[in-house]
Protein chains: 2
Amino acid sequence: MANYEQLKLSNQLCFPLYVCAKEVVRLYKPLLDDLDLTYTQYITMMAMWEHQQLTAKELGEILYLDSGTLTPVLKTLEKKGFVERQRSKDDERSLIVTLTDVGQDLQHKAASIPEKMVSCIDMELEDLQTLHRLLHKFMRTSIQ
Amino acid sequence: MANYEQLKLSNQLCFPLYVCAKEVVRLYKPLLDDLDLTYTQYITMMAMWEHQQLTAKELGEILYLDSGTLTPVLKTLEKKGFVERQRSKDDERSLIVTLTDVGQDLQHKAASIPEKMVSCIDMELEDLQTLHRLLHKFMRTSIQ
DNA sequence: TTAAATTAAATTGTGTAAAATTTATTTTCT
DNA sequence: AGAAAATAAATTTTACACAATTTAATTTAA
């Protein structure tokens, strides 16, 4: 009988990646609850804080999300008053998403989140930097 | 006006982790379609191939999934004939999940998946090993 | 020894994700 | 110009994830 060593969970790269990603989102939850944001809404707001205005297509490219995910997220963020959605006059197919003043203010409340998160993770800075570098390398070589 | 450098997506560790995890699941999809498995069903089957029989609780601990996720996954796997679900006679609260012969046979079809996945990822083995090691370290230090 | 606490699954509700399809708009090509 | 192709969102469908609650069974403790 074959051993199928390579089919064991402990030998997979995908599995700890999948578990860690979920865990990080779970660690964010109590911090994001204070801002009334989910994790997906948070990364969307990070993109908006950086750019003030983006089309839905651009947001999808930045966040690696398709319209099936992004459309309801943007409608929710609009309902909460953090962004506005309007069609482009140049091209009615495009949806322009604009950061509101309320959305901009939210950045102040979010300012402390990154350091709080780092303090949740008990790893040396060097390891975290290596992890960051390798994940970016993975994205460059495997995505698209 | 503050710069909020630490709130930029490019400075987050969480974001590439989240993107890479989703991408890996997406890369698995065409391979898993041949087995009629989703990614969550696949990791569940990996645990079952390794242990033959587990309680739902044990599966949840191994896979870091709660009953809200696992209950429907196990019902689907039972419907496909890959596992059987029955209550423990010792403790009626426990659900015992058992690998069926059909489920066992599926391992042969899955045997080629790991190498196919590695060939999808254009990174040196050393980088992949480092990534694996750091993600496990992250799990040990941050989860629970 | 039986009421209280704990435990294990299942259920419910909310929010993603992605594939596939649809709708509306714009661009390209003849 | 007008048909065909391409593009951008939105919608639909399927399948997670997780928090919170519920149900049923078991254990603990007064």
Side-chain angles (χ1 to χ4, degrees), chain A residues 14-15 18-30 32-33 36-45 54-80 83 85-97 143-144, chain B residues 14-15 18-30 32-33 36-45 54-80 83 85-97 143-144:
Chain A
C14 62
F15 182 62
Y18 159 85
V19 173
C20 289
K22 285 190 306 168
E23 177 60 13
V24 167
V25 171
R26 214 181 60 77
L27 288 174
Y28 269 108
K29 187 165 192 306
L32 294 179
D33 280 349
D36 189 25
L37 291 177
T38 64
Y39 179 74
T40 313
Q41 291 163 14
Y42 176 57
I43 59 172
T44 304
M45 290 306 294
L54 289 167
T55 63
K57 179 180 159 61
E58 289 167 336
L59 262 174
E61 285 165 357
I62 290 171
L63 302 176
Y64 298 86
L65 293 175
D66 77 358
S67 64
T69 305
L70 217 39
T71 296
V73 169
L74 293 175
K75 285 182 177 176
T76 304
L77 288 177
E78 185 180 50
K79 210 171 293 173
K80 292 179 180 178
V83 302
R85 296 159 66 252
Q86 70 219 56
R87 291 285 165 180
S88 166
K89 281 168 188 165
D90 291 350
D91 185 340
E92 289 271 350
R93 293 170 302 181
S94 287
L95 184 78
I96 297 178
V97 184
I143 300 188
Q144 252 59 273
Chain B
C14 64
F15 183 62
Y18 160 86
V19 173
C20 288
K22 285 191 307 170
E23 176 61 12
V24 167
V25 171
R26 214 180 61 78
L27 288 173
Y28 267 109
K29 188 166 190 308
L32 294 180
D33 280 349
D36 189 25
L37 291 178
T38 63
Y39 180 73
T40 312
Q41 291 164 15
Y42 176 58
I43 59 172
T44 304
M45 290 306 294
L54 289 167
T55 63
K57 178 179 159 62
E58 288 167 336
L59 262 173
E61 285 165 357
I62 291 171
L63 302 175
Y64 297 86
L65 293 174
D66 76 358
S67 65
T69 304
L70 217 39
T71 295
V73 168
L74 293 175
K75 284 181 177 174
T76 304
L77 288 176
E78 185 179 50
K79 211 171 291 172
K80 293 180 180 177
V83 302
R85 296 160 65 251
Q86 71 219 53
R87 291 287 164 177
S88 166
K89 282 167 189 167
D90 290 350
D91 186 340
E92 290 271 349
R93 291 171 304 180
S94 287
L95 184 77
I96 297 177
V97 183
I143 300 189
Q144 250 63 268

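Side-chain atoms are counted along with the backbone in the values below, which use heavy atoms only and exclude waters and symmetry mates. Keep in mind that this is a model prediction, so the values were computed, not measured.
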ask   = Mind checking whether B:Tyr39 and A:Tyr18 have parallel, tilted or perpendicular rings, split at 30° and 60°?
value = perpendicular

Hey, is the side chain of [X] poking within less than 4.0 Å of OP1 or OP2 on [N], counting only N and O atoms?
X	N	result
A:Thr55	D:dA8	no
B:Thr71	C:dA10	yes
B:Lys75	C:dT11	yes
A:Lys22	D:dA17	no
A:Arg85	D:dA10	yes

Counting only side-chain heavy atoms from C-beta out, which of [options] sits nearest to [X]?
X	options	answer
A:Arg87	D:dC16, C:dA17, D:dA10	D:dA10
B:Ala56	C:dA9, D:dA9, D:dC16	C:dA9
A:Glu92	C:dT25, D:dA9, D:dC18	C:dT25
B:Arg93	C:dA18, C:dA10, D:dA25	D:dA25

query = Is it true that A:Glu78 and A:Lys75 have a side-chain N and a carboxylate O under 4.0 angstrom from each other?
reply = no

Over all strands shown, is [X] touching base, sugar-phosphate only, or nothing at heavy-atom distances under 4.0 angstrom?
X	answer
A:Asp91	sugar-phosphate
A:Asp90	sugar-phosphate
B:Thr40	sugar-phosphate
A:Thr69	base
A:Val73	sugar-phosphate
A:Thr76	nothing

To the nearest Å, give me how far apart [atom1] ([X]) and [atom2] ([N]) are.
X	N	atom1	atom2	answer
B:Leu70	D:dA15	CG	P	16 Å
A:Tyr18	C:dA18	OH	P	14 Å
B:Asp66	C:dT7	CG	P	17 Å
A:Arg26	D:dA19	CZ	C1'	11 Å
A:Asp36	C:dT14	CG	P	14 Å
A:Leu27	D:dA19	CG	P	11 Å
B:Tyr42	D:dC16	OH	C1'	18 Å
A:Leu54	D:dA8	CG	P	14 Å

query = On DNA chain C, nearest-nucleotide positions of A:Ile43 versus B:Leu74: which is more 5'?
reply = B:Leu74

inquiry  = Quick check: on DNA chain C, is the nucleotide nearest A:Lys80 upstream (toward 5') of the one nearest A:Lys89, or the reverse? Name the residue that is more 5'.
reply    = A:Lys80

message = Any donor-acceptor pair, under 3.5 Å, between the side chain of B:Ser67 and the base of C:dA8, if you only look at N and O atoms?
response = no

Main-chain N/O of A:Arg93 paired with A:Arg87 side-chain donor or acceptor, under 3.5 Å = yes

query = For A:Leu95 and B:Tyr39, take the nucleotide of DNA chain D holding the closest heavy atom to each; which residue's nucleotide lies nearer the 5' end?
reply = A:Leu95

key: Audit row: A:Lys22, B:Leu65, side chain to side chain contact (heavy atoms under 4.5 Å, CB included) steps and yes/no   = CA-CA 10 Å; A:Lys22 285 190 306 168; B:Leu65 293 174; 3.1 Å; yes

note = Rounded to the nearest 0.5 Å, the CG atom of B:Leu54 sits from the CG atom of B:Leu95 at a distance of 11.0 Å

inquiry  = Would you say that A:Arg85 contacts A:Leu77 through its side chain, given a criterion of any heavy-atom pair below 4.5 Å between the two side chains?
reply    = no

query = Does C:dT14 pair with anything, Watson-Crick or G-U wobble, both distances under 3.5 Å, and if so, with which nucleotide?
reply = D:dA17

inquiry  = Apply side chain to side chain contact (heavy atoms under 4.5 Å, CB included) to residues B:Thr44 and B:Val97 and explain how you reach the verdict.
reply    = CA-CA 11 Å; B:Thr44 304; B:Val97 183; over 6 Å; no

